[in-house]
Amino acid sequence: MTKTRNPSPADVGAMYDGFDKMDVLHFGYWEDPDDETPVAEAADRLTDLVIDRLGVTAGARLLDVGCGIGTPAVRMATRTGADVLGITISGKQVQRATELAASQGLGEQVRFELADAMDMPFPDGSFDSVYALESIIHMDRPQALREMARVVRPGGRIVLTDMYDRIPAPEGQPSLIHFMTEAWMMSELIGAEDYPDLAAAAGLRLVEVMDLSEKVLWRTLRVVAHQLRAQNDALVPEQIVDRINAEEPSEALDLPSLLENSRELGCQLVVLQRD
Ligand SMILES: C[S@@+](CC[C@H](N)C(=O)[O-])C[C@H]1O[C@@H](n2cnc3c(N)ncnc32)[C@H](O)[C@@H]1O
């Protein structure tokens, strides 16, 4: 299996094809520690935060980069009336997302295709807005941002969520971030201050960076840790167990709670504009 400093799209696609038992890794938004909103509703809230920043109206053409199993795209279309095209590098996700849209009667308005976000098969300026939820983590960021900047129309917005390396591991302890990027086939993480340079290199204006570590990431990791423990280790995909060299799937179960407690990992929402 390819090592993950720059995972190949084919390897990432194969990994997601293998996740058919696992729906748990979807991020949510919780306002404060006492907020007990269920995960599906909290996930919709995060999508809504993105909708507010995209400023889309009915009939707009939206691109969802790394669309997963289609839940955010369906919410986008339902709430805004926009037409959404989702792309993913996993053929199985295209299938599941297409079934989801059809089951909601949105088969015309929301469509899905297998495509590589770093080499998109769309002409320049094809979309009014672009969003990417937790997907740029698997990509060469400069290349993915250049592609998003190319396919959005002038004046269009790009809204994404990304993870960053927040604080170093305590002296003498192994980096959980390194462990995580290996296990989940992620590109090397960036630092908290890197988006101004990344935006400029892609010819984009940075409109907003909002920290989502507390209200999104750490809380999601806690939920994921609980769900994995409550359901059982059969939910942990075999590829993950292999890549972290765990003796047992149960060792892989500890990663979300270790990450939550260490606070080494951060998450940002980033709003960009093509002027
Ligand atoms: C963590 S999932 C997020 C899914 C979805 N955005 C959500 O929030 O539920 C990452 C997604 O990025 C997609 N992805 C990763 N690398 C990709 C690439 N090079 N081109 C297209 N999609 C990619 C994966 O197929 C997967 O759908």
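Read the numbers this way: they start at 1 and go in the same order the structure lists the ligands and their atoms. The analysis underlying the following values was restricted to heavy atoms, covering all of them including side chains, and did not include hydrogens, waters or symmetry mates.
- Near D116, with a cut-off below 4.0 Å to any heavy atom, the atoms of ligand 1 are 18 (C), 19 (N), 20 (N).
- Between M118 and ligand 1, no N or O atom pair is found at a separation short of 3.5 Å.
- M163 and R141 make their closest contact through O-NH2, 4.1 Å (heavy atoms, listed as atom of the first residue, atom of the second, distance).
- Checking only distances, S135 never comes within under 3.5 Å of ligand 1, N or O to N or O.
- Proximity of C67 to ligand 1, defined as any heavy-atom pair under 4.0 Å, is confined to the backbone N, CA, C and O atoms.
- Shortest non-hydrogen contact noted between Q93 and T88 is OE1-OG1, 2.7 Å.
- In the vicinity of I89, heavy-atom distances shorter than 4.0 Å reach the ligand 1 atoms 14 (N), 15 (C), 16 (N), 17 (C), 18 (C), 20 (N), 21 (C), 22 (N), 23 (C), 25 (O).
- Looking at ligand 1, you won't find any N or O of I137 less than 3.5 Å from one of its N or O atoms.
- Counting the atoms of ligand 1 from 1 in the order shown, those under 4.0 Å from a heavy atom of A117 are 18 (C), 19 (N), 20 (N), 21 (C).
- Sorted by first and then second residue, the side chain to side chain donor-acceptor pair (under 3.5 Å) pairs involving residues 193-203 (not counting sequence neighbours) are D162-Y195.
- When each atom of ligand 1 is checked for a heavy atom of A115 under 4.0 Å away, the hits are 20 (N), 21 (C).
- Of all the atoms in ligand 1, the ones that sit under 4.0 Å from a non-hydrogen atom of L133 are 3 (C), 5 (C), 6 (N), 8 (O).
- Among all heavy-atom pairs drawn from E134 and T161, the shortest one is N-OG1, 2.8 Å.
- Looking only at atom types and distance, the side chain of T37 has a donor-acceptor partner in the side chain of R45 under 3.5 Å away.
- Looking at G66 next to ligand 1, an N or O pair under 3.5 Å apart turns up.
- At under 3.5 Å, a nitrogen or oxygen of T88, whether backbone or side chain, sits near a nitrogen or oxygen of ligand 1.
- Using modelled atom types, one finds a donor on one side chain and an acceptor on the other under 3.5 Å when comparing Q143 with R146.
- Under 4.0 angstrom from ligand 1, the non-hydrogen atoms of H138 all belong to its side chain.
- Of all the atoms in ligand 1, the ones that sit under 4.0 Å from a non-hydrogen atom of G68 are 4 (C), 5 (C), 27 (O).
- Closest of all the heavy-atom pairs between P72 and D64 is CB-OD2, 4.2 Å.
- A pairwise comparison of heavy atoms in V94 and L114 identifies CG2-N, 3.6 Å as the closest pair.
- One hydrophobic cluster, built from ILVMFWY side chains closer than 4.5 Å, cannot hold both V207 and L63; they sit in different ones.
- P7 approaches H138 most closely through the heavy-atom pair CG-O, 3.5 Å.
- For the side-chain contact (heavy atoms from CB on, under 4.5 Å) with Y29, the qualifying choice from L46, D35, D48 is L46, the only one to do so.
- Short contacts between ligand 1 and Q93, defined as distances under 4.0 Å to a heavy atom of the residue, involve ligand atoms 24 (C), 25 (O), 26 (C), 27 (O).
- By the criterion of a heavy-atom distance under 4.0 Å, the side chain of V12, and not its backbone, is placed next to ligand 1.
- Within ligand 1, counting atoms from 1 as listed, the ones closer than 4.0 Å to a heavy atom of M139 are 16 (N), 17 (C), 18 (C), 23 (C).
- Annotation: Y16 places no N or O atom under 3.5 Å from an N or O atom of ligand 1; distance criterion only.
- Under 4.0 Å from ligand 1, not a single heavy atom of A132 appears.
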